[in-house]
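In what follows, a structure is listed as structure tokens, so that the remarks can point back to it.
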Amino acid sequence: MMRPPLIAVIAALLASIALTARSGPSTFRDVTRESGITFVHQAAPEKKYIVESMSGGVALLDFDRDGLIDIYLVNSLTVDTADEPKSSRSALFRNRGGFKFEDVTDRAGVAHPGWGMGVCVADFDADGWDDMYVTALGANRLYRNNRDGTFTDVAAASSVSAAGWSTGCGFADYDRDGDLDLFVARYVKIDLKKLPQFGKDKTCEYRGIPVQCGPRGLPGESDFLYRNDGKGRFTDVSEASGVADRAGHFGLGIAWFDANDDGWPDLYVANDSMANFLYINRKDGTFEESAFPMGAAVSEDGSEQGSMGVGLGDYNGTGRFSVFVTNFSEEYNALYRHDGAHFTDVSFRSKTAASSLPFVGWGTAFFDYDNDGRLDLYLVNGHVYPQLDRARLGASAGYRQRALFYQSSGDGTFEEIAQKLGGPFAIDRVSRGSAVGDLDTDGRLDIVVNDLDGSPQLLRNEAAGTGNWLIVRLRGTGGNTNAIGAVVRARAGDLSQIRLVQSGTGYISQDDMRLHFGLAKAASVDSVEVRWPDGRTTAQTNVKTNQIIEIVQPPALAR
């Protein structure tokens with residue numbers, strides 16, 4: 001299927017821009033201020049340099065193991081404050097229950113990761129406590145959880161500091177040796193002392209308006225894969241494994257998942273303004289880049305897109321994870337349906353493409369917001385050029401942009417309902433990272449968004465009349481205590497759903513690793529089946545709904 005005629009595209013653009021918020025109560029309520037979240041992202045008003053436009057991520061994790069999900073928000077510097085690393089402050093908020101949060105940043109020791117970008121979570125040292133890896137412009141941070149409410153940066157000692165401009169990250173056991181390895185995407189090469197001049201040439205213009213330069217016209221960065229060697233140290237195997245990307249694509253969001261169902265984790269990388277990567281695991285420590293032959297590299301008509309965030313979900317109930325990629329304005333967000341041996345771009349057929357054309361997409365996630373047993377789709381937007389608001393470019397959205405919220409119709413298509421939901425979804429923001437998780441353990445998934453030019457959004461899910469639910473928390477053995485890479489299938493009557501434990505989600509962020517299943521009217525779950533990262537499977541039957549259960553991986557059999 002080719003793109004629709006230009007007239008239809010323009011009509012879709014204008015219709016999307018023209019929508020106005022409907023009155024009435026919202027399904028989600030912004031409780032940021034009343035919850036105690038006081039964070040504000042550092043931002044340069046004019047965004048004259050690309051490095052000032054791309055931060056920052058958000059992570060949901062239970063860092064103190066009290067059963068409540070906490071929030072970490074990544075902050076950045078600006079060109080003017082680059083030599084003052086403590087002029088901006090990332091923030092860790094401890095969940096006290098009842099949607100009340102306490103700022104514990106300074107005690108925890110995670111306030112100043114430098115020019116922060118994104119974050120991913122894993123228990124890299126297998127002590128049972130979640131650690132955080134924070135990407136940055138410059139040295140990255142590996143915050144090891146000290147199990148007493150504090151963290152210690154061990155990136156240098158662990159040989160994962162990297163360098164340059166790092167963006168998306170994620171842990172996975174790519175070699176299936178039982179411990180967690182780390183992939184880090186990088187973006188463009190930037191020298192803060194030799195920055196490209198604002199609006200200087202054609203790569204620094206947008207529709208004739210002078211804007212920041214890049215990423216086109218700037219040299220790209222390579223990527224890193226670090227193999228966990230145990231005892232807290234990693235080895236750089238980027239070149240040997242085949243994922244170094246020496247050509248220098250502009251890497252942003254990433255996703256580890258088993259794309260060919262052979263039991264080994266593969267790797268998807270969203271590249272801005274270039275073809276995306278899908279690295280297929282050869283099971284010998286190396287990967288084969290296969291995005292083009294598998295149909296997940298570019299748009300339906302073969303165009304490279306400005307890709308940012310990546311979401312995974314079995315939205316059509318096939319037992320396979322499809323890939324959703326957020327893109328730049330007028331390039332439509334791409335939904336690659338997983339058809340087994342390959343992916344098919346069904347963006348327009350799914351009714352998610354046309355409404356996305358005016359917007360610049362970032363953080364995203366598949367999740368079942370109303371517990372009806374069908375995965376919905378959410379993403380946040382915001383442009384990179386503040387100068388747009390003075391340009392009046394007609395069909396294009398302005399600098400601040402509303403979110404998009406797609407409700408599943410149950411037939412492989414979606415209805416965009418953000419304006420129907422109203423409330424925070426009708427407000428234009430400049431959003432970047434977002435994360436989804438159940439912050440008050442009521443079985444309804446909430447959303448946290450990290451915005452530029454203002455405070456974040458803590459969106460409490462207050463949907464009425466939602467269905468039953470189940471949340472599954474996995475406890476792995478050996479060096480992978482979160483069972484990252486495990487796939488859980490819940491069966492309840494005609495419903496059959498799968499979820500994946502991921503490190504690194506959406507746009508440079510981290511969702512709650514507990515797995516949520518909406519179950520509609522089902523009073524119990526017939527079976528909960530787990531395929532563990534080592535390939536073994538276990539199952540529980542006749543599980544009651546509306547509870548959080550923990551499943552512990554059985555010990556490996558002695559050889």
For [Y], is there an ion pair with [X] - N to carboxylate O distance below 4.0 angstrom?
X      : Y      : result
Arg429 : Asp451 : yes
Lys200 : Glu205 : no
Asp314 : Arg337 : no
Arg374 : Asp372 : yes
Asp446 : Arg444 : no
Glu330 : Arg207 : yes

Exercise. Taking the inter-plane angle between the rings of Phe405 and Phe367 on a 0 to 90° scale, is it parallel (under 30°), tilted (30 to 60°) or perpendicular (over 60°)?
Worked result: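 The rings of Phe405 and Phe367 stand perpendicular, inter-plane angle above 60°.
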
Exercise. How are the rings of Tyr315 and Phe414 set relative to one another: parallel (under 30°), tilted (30 to 60°) or perpendicular (over 60°)?
Worked result: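 Because their plane-to-plane angle lies in the 30° to 60° range, the rings of Tyr315 and Phe414 count as tilted.
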
Give a yes or no answer on whether the side chain of [X] reaches the backbone of [Y] with a donor-acceptor pair at less than 3.5 Å.
X      : Y      : result
Ser88  : Ser76  : yes
Asp236 : Tyr226 : no
Asp272 : Phe250 : no
Ser241 : Val237 : yes
Glu289 : Ala291 : yes

Exercise. Does Arg432 make a cation-pi contact with Trp362 (under 6.0 Å, within 45 degrees of the axis)?
Worked result: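 Ring-cation test returns yes.
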
